[in-house]
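Just the heavy atoms: all of them, side chains too, but no hydrogens, waters or symmetry mates, feed the values below. Computed from a predicted structure; not experimentally measured. Below, read A as the first sequence line, B as the second, and so on, with proteins coming before strands; counting in each chain starts at 1.
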Amino acid sequence: MVAGIFNKKMKRGIYSGALGVTLVWLIYMTLAILTRNAYANLDQFAGLIFGELGYGWILFIMILLFGTLFGALGGAIGSGLVIFIDLKQMDRVDNAQTREER
Amino acid sequence: MKKQEKVIVKKLIIVGFITGLTFSVFSLPIIEMLTGSPVAPLGNILFPGNGVWNVPGEVPEHETLYIEDLNDEVTVYRDVWGIPHIYGNDEEDLMFAAGYVHAQDRLFQMEMVRRLVRGRLSEIAGEEYIESDKYNLALGMEYWSKKTLLMLEEKEERGEIDLLEPFERYVDGINYYIDTHQNELPIEFAILGFKPTEWTMTDSLCFAKYMGYMLTWDYDDLYRLINFEALGSERYNDLYSQYAPYQIPICPNYGSYNDSVMALTHLESEPQPSSSALNAISRFLTNVENIESEKQLINIKKQNILGSNNWVVDGVLSDTGKPILCNDMHLAWGLPGIWYESHISAQDPDLNVYGFTLPGVPLVIVGHNEHIAWGFTNTNYDVLDWYYYNEIDSNHYIHNGKVKEYKTRDYKIRVKGKDPVEFKVKETVHGPVLNDFLDDAVPDSLDYENIVIAPQWTANDITYEALAFYEFFFAKNRAEFNESSRWFVNPAQNMIYGDIHGNIGIRPTGLVPIRDGNENGTFPYDGSSGEGEWIGYIPFEELPHTENPDQHYLASANQIVAGPNYKKYFLQHPYAAGYRARRINELLNNSEDGTVSVETMKEIQLDIRSTPAEYFTPYLINVIEKGGFSEKASVINQIYSHLKSWQFDMDKDKAAPTIYRKWRDLYMEYTFEDEFDALDAYQYVQLNVLEKLTREDPNSTWFDDIYTPIVEKRDDIILRAFLDTVDWLEDFYDSDDVDDWEWGDLHKGYFEHLLEIETFSKGPYELDGEGYTVNPSWVDISDGEGRAGGGASERMIIDFSDLQNCLSVIPSGQRGYSNSKHYDDQLELFLDGEYHPQYFYDDIEDFPESKIESQLHFIPAEKVIVWIAFTTIFLIIGIISLIEIRWIRKYDIIPKIEEKRNLLVQWIKKNELISKIKEKRNVLIQWIKKNGRISKIKEWNHSLVQWIKKR
């Protein structure tokens with residue numbers, strides 16, 4: 001959402017939010033895999049869903065994709081808010097100018 | 001709303017909808033909804049910051065914890081197998097650390113056992129477990145643990161014992177870990193979606209009751225009655241004589257049995273239950289078999305998984321001149337394994353004990369200290385009787401001809417996602433009524449007319465096994481060990497003993513009831529008529545026992561405890577078929593040079609020669625030699641040569657064990673199934689009974705197939721079983737090359753995870769051995785590949801000539817975390833028949849550095865000490881600062897620093913560093929200009945200024 005605030009175009013807000021969360025999650029998960037052997041757990045849990053070992057990577061990608069989506073939503077909300085406020089602000093300025101002209 | 005605003009809202013709705021949809025997939029318990037398994041929402045398990053990502057793999061390499069209320073420092077070295085060696089100077093501190101490391105490595109296992117025993121599974125797993133919770137609550141394991149704790153507290157107050165303070169500190173250690181690691185829990189907590197709560201002393205005491213349940217709780221009396229009624233007295237006595245054939249008693253000083261058929265001892269009084277009582281018992285057994293925990297236990301018992309081996313040789317028989325003691329307890333396999341190795345050492349009190357603990361219990365169950373060692377096997381003492389009564393109304397029943405009122409216990413069972421369930425347990429004079437709350441899974445035609453059934457069980461009482469184990473810590477000789485073991489009630493165990501002084505001994509120990517009227521507890525009793533009342537217990541001194549025998553060794557493998565000269569009391573029925581005991585005795589009696597070494601002990605523990613195969617196979621070979629096979633001559637010739645050259649070793653790479661085992665199963669089935677089927681009896685006949693019939697009664701009527709017009713004899717059944725074996729094996733292996741029929745293809749070991757999740761489990765592995773070998777693993781191969789779910793749960797060899805030469809192994813690992821290398825590292829050793837050394841160093845300084853994998857330090861953190869430390873540090877810093885200022889002034893330091901600075905400036909000038917930096921800066925500026933970055937920066941700058949101005 002913070003990333004979105006710095007973007008006036010919603011597309012960019014979505015991209016930056018998505019990229020930000022994906023990157024942070026990727027770093028977090030990589031660190032957990034390296035320091036805590038978390039992939040073993042992920043793979044074993046995937047086995048609960050897929051019936052055998054070796055599918056942890058699917059969950060890994062799914063989590064990242066969800067992070068991307070989550071980030072995109074945040075980015076969209078952030079930039080949407082800024083754009084919305086901007087529009088309202090411009091309306092107010094326009095109204096003030098109109099009043100002055102009158 | 002303007003058009004632009006509408007577009008934004010529209011976009012937000014689309015992205016929000018997609019995200020919301022995905023989010024709901026992750027936040028709803030999808031797997032539970034689809035499969036019914038109690039699995040938490042995926043998000044709780046998979047999102048960063050949750051579940052899988054928070055599970056600690058290994059313990060930290062170096063960790064220091066500052067603990068309040070600690071009297072002194074404690075250091076825990078974990079060796080290369082992750083086994084903790086706990087060193088300290090204060091017993092209570094050591095117990096705190098012991099609790100902490102148990103929780104650190106096995107918290108989920110501890111949690112599940114206490115939930116099972118205390119009837120709290122449905123709280124986390126849903127209504128599917130209500131029946132099991134009710135049953136376990138009714139059994140009274142929690143109830144009697146609470147009572148035991150109260151009595152221990154009273155004893156402690158009276159100054160009779162000194163156990164509870166260390167015990168409390170152990171519980172504190174567990175709770176300290178739980179409190180400080182709520183977000184670093186085993187993955188299973190995330191999967192089930194709950195967190196551990198505070199540990200209590202009652203939880204720990206429940207474990208003793210749980211072991212009693214595992215080893216002595218059964219329905220044998222009830223099944224025996226069904227068989228007795230179905231088969232009739234004569235047939236029943238033929239198969240279920242109180243004295244099973246070919247037994248070598250554990251205690252050799254009460255005479256020995258002949259190898260020939262023993263005189264059958266007929267029952268003192270034959271049971272005469274009413275049809276209502278029989279119906280009630282049948283109905284009860286059917287219902288019990290539908291309770292998951294009971295079904296598992298009944299299966300485990302049917303499979304002969306529960307058993308154990310232990311033996312000890314004295315200094316005359318051992319090549320070291322000192323005793324060697326061995327023990328391997330046979331229990332159900334699983335991950336994490338049931339045992340946790342631990343070493344606790346302190347100079348004051350003089351304590352140095354190493355052995356196998358149960359996570360959740362602060363004591364070493366089997367192991368050794370510097371003076372003595374002890375090991376257990378199950379005695380199979382008859383410590384449980386069943387009673388049936390006529391119920392008058394919901395509050396009254398008849399006992400011994402008089403109307404009695406039930407005592408009651410009330411419970412409220414919490415159920416996941418549902419309202420709590422109220423549950424009332426009724427108690428008769430003997431024990432809890434167990435058949436009045438089970439859902440009926442049997443037809444109404446089994447009318448039982450208000451018969452209630454209740455057990456009397458030695459575990460259902462205040463018992464002090466904890467005191468026995470605690471005193472074993474400090475025992476220095478046989479007398480002290482004996483004195484300690486008086487506390488031991490249930491599960492009764494063959495306690496084998498050896499010491500540094502050269503003594504060996506065994507005492508099958510536990511509380512054994514004496515029944516009124518010389519009854520022996522074989523069948524259930526009519527409680528309303530006052531049958532089978534317990535009138536006392538066999539005094540400790542009068543239990544069979546042996547010390548320093550002339551044979552220079554003692555061995556037990558769940559066989560009969562005493563010989564025919566022990567007549568005063570009835571002890572047990574049934575007991576193991578005795579094949580492992582026969583083989584152990586054979587090996588210890590026939591060592592090559594008349595002595596045995598630690599290496600010999602390993603060989604015996606890993607021995608896979610099948611004693612039943614040795615006695616059965618010649619009869620099979622004899623039938624094959626008679627010939628006359630018109631079909632499959634080539635295959636039968638191959639089989640013959642395999643069997644003829646076989647040394648009866650159940651080697652996973654050989655075909656002979658496959659042929660023998662399949663044939664033996666069919667031979668057993670064809671001998672008894674017809675009669676059992678026709679008479680509607682419960683089929684379980686011990687193998688040694690079939691051996692007796694085969695060797696000594698070839699014309700027995702049991703061999704006759706009652707469904708055929710001719711009268712079959714032993715060899716007819718052997719032949720029929722053999723021909724069907726050949727067909728079955730050809731079909732299973734899809735080959736008529738007998739070399740392909742490897743035993744390992746049928747006989748596999750499987751180490752199942754506590755939650756039965758396949759990907760957390762290990763195996764199947766091809767295994768040597770079978771249920772009756774010294775190295776045991778039982779499989780059912782009736783449907784093809786069999787997976788052994790139990791066998792040796794630990795192996796231990798104690799060498800009193802050098803306690804650094806003691807060995808052990810468990811079929812799992814120390815840590816209950818599936819992402820840890822210590823989850824199953826010892827399983828690899830176990831499967832390869834290897835051991836690891838026990839690093840039994842009394843002094844922490846002697847512990848080899850190369851064997852330390854991690855260190856955990858507990859430091860006392862009293863607030864005053866911390867305050868003093870901080871004040872001292874500040875004072876020291878102040879004093880140092882003052883000294884420094886004076887020193888700077890005194891030695892005129894500042895001009896010297898200025899001098900150094902000037903030298904640095906001159907060096908920079910000399911090397912033209914400034915011009916080089918300027919040059920790089922110009923290159924950068926040019927690149928920015930060239931790429932039009934300035935205008936963009938200006939543009940951003942302008943926008944930002946405008947934006948700020950606007951606001």
Side-chain angles (χ1 to χ4, degrees), chain A residues 8 10-11 13-14 17-18 21 24-29 31-33 35-56 59-60 62-63 65-67 69-77 79-93, chain B residues 1-5 7-23 25-26 30-31 34-35 37 39 42-43 45-58 184 186-188 190-191 753 755 757-761 817-821 823 943-944 947 950-951:
Chain A
K8 274 195 172 175
M10 190 176 258
K11 218 177 193 178
I14 290 173
V21 176
V24 171
W25 282 26
L26 183 66
I27 292 166
Y28 176 89
M29 294 197 296
L31 280 176
I33 286 169
T35 58
R36 298 172 161 220
N37 194 18
Y39 187 76
N41 280 143
L42 189 68
D43 198 32
Q44 285 156 351
F45 183 72
L48 188 66
I49 300 168
F50 299 106
E52 57 182 310
L53 287 173
Y55 292 98
L59 285 190
F60 188 88
M62 266 175 65
I63 298 163
L65 283 176
F66 183 77
L69 258 178
F70 205 56
L73 177 70
I77 292 171
S79 58
L81 268 176
V82 170
I83 295 167
F84 210 72
I85 291 165
D86 250 8
L87 289 172
K88 289 288 172 198
Q89 195 64 32
M90 277 165 66
D91 275 357
R92 205 178 292 166
V93 173
Chain B
M1 197 181 276
K2 283 181 179 177
K3 193 185 167 191
Q4 210 176 346
E5 287 173 5
V7 171
I8 291 164
V9 173
K10 205 171 154 188
K11 281 182 180 172
L12 276 174
I13 288 171
I14 292 168
V15 179
F17 179 74
I18 296 168
T19 316
L21 200 68
T22 322
F23 195 78
V25 169
F26 281 88
I30 296 286
I31 297 180
L34 293 176
T35 65
S37 308
V39 178
L42 287 176
I45 301 165
L46 297 175
F47 283 174
N50 288 331
V52 291
W53 308 106
N54 282 348
V55 180
E58 309 302 341
E184 286 181 88
I187 179 69
E188 292 89 343
I191 291 175
H753 179 256
L755 295 181
I757 302 174
E758 206 174 317
T759 48
F760 288 76
S761 309
Y817 292 79
S818 57
N819 58 336
S820 164
K821 65 181 171 188
Y823 182 61
S943 313
L944 186 65
W947 185 78
K950 270 186 194 172
R951 283 154 184 78

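- Heavy atoms of B/Phe26 lying under 4.5 Å from chain A belong exclusively to its side chain.
- Counting heavy-atom neighbours within 6.0 Å of B/Glu58 CD, excluding the residue itself, gives a total above 12.
- B/Ile14 does not touch chain A: none of its heavy atoms, backbone or side chain, sits under 4.5 Å away.
- The closest side-chain donor-acceptor pair between A/Asn41 and B/Ser818 falls under 3.5 angstrom.
- Considering NZ of B/Lys821 and CG of A/Asn37, their distance stands at 10.5 Å, rounded to 0.5 Å.
- Interface remark: A/Tyr39 contributes no atoms to any contact with chain B (heavy atom separation under 4.5 Å).
- Considering only heavy-atom pairs separated by less than 4.5 Å from chain B, the leading option among A/Gly67, A/Gly47, A/Gly80, A/Ala40 is A/Gly47.
- With a 4.5 Å cut-off on non-hydrogen atoms, B/Glu184 touches chain A through its side chain but not through its backbone.
- Only the side chain of A/Met10 comes within contact range of chain B, with at least one heavy atom under 4.5 Å from a heavy atom of that chain.
- Contacts with chain B were tallied for A/Leu48, A/Leu65, A/Thr35; A/Leu48 has the most, counting heavy-atom pairs under 4.5 Å.
- Scanning all heavy atoms of the two residues, the minimum distance from B/Trp53 to A/Arg36 falls at O-NH1, 3.6 Å.
- Using the six-membered ring where Trp is involved, A/Phe66 and B/Phe47 have ring planes that are parallel, under 30° apart on the 30 and 60° scheme.
- We find the CD1-CZ distance between B/Ile187 and A/Phe45 to be 7.0 Å, quoted to the nearest 0.5 Å.
- Heavy atoms of A/Leu42 lying under 4.5 Å from chain B belong to its backbone as well as its side chain.
- Only the side chain of A/Tyr28 comes within contact range of chain B, with at least one heavy atom under 4.5 Å from a heavy atom of that chain.
- Distance alone, capped at 3.5 Å, places no donor-acceptor pair between the B/Asn819 side chain and the A/Ala38 backbone.
- Interface remark: of the candidates B/Ile757, B/Val52, B/Ile191, B/Val52 forms the most heavy-atom pairs closer than 4.5 Å to chain A.
- In terms of heavy-atom pairs under 4.5 Å with chain A, the best-connected choice from B/Pro48, B/Gly43, B/Gly49, B/Ser943 is B/Pro48.
- Within a 6.0 Å sphere centred on CZ of A/Phe50, other residues, nucleotides and ligands contribute more than 12 heavy atoms.
- Contact annotation for A/Gln44: both backbone and side-chain heavy atoms come within less than 4.5 Å of a heavy atom of chain B.
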Report task. Check step by step if side chain to side chain contact (heavy atoms under 4.5 Å, CB included) holds for A/Leu69 and B/Ile18. Result -> CA-CA 8 Å; A/Leu69 258 178; B/Ile18 296 168; 3.6 Å; yes
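- The shortest distance between side-chain heavy atoms of B/Leu42 and A/Ile49 falls below 4.5 Å.
- In this structure, the portion of A/Ile63 lying under 4.5 Å from any heavy atom of chain B is its side chain and not its backbone.
- Between B/Leu46 and A/Leu59, some side-chain heavy-atom pair lies under the 4.5 Å cut-off.
- Contacts of A/Leu31 with chain B are absent, with no heavy-atom separation under 4.5 Å from either backbone or side chain.
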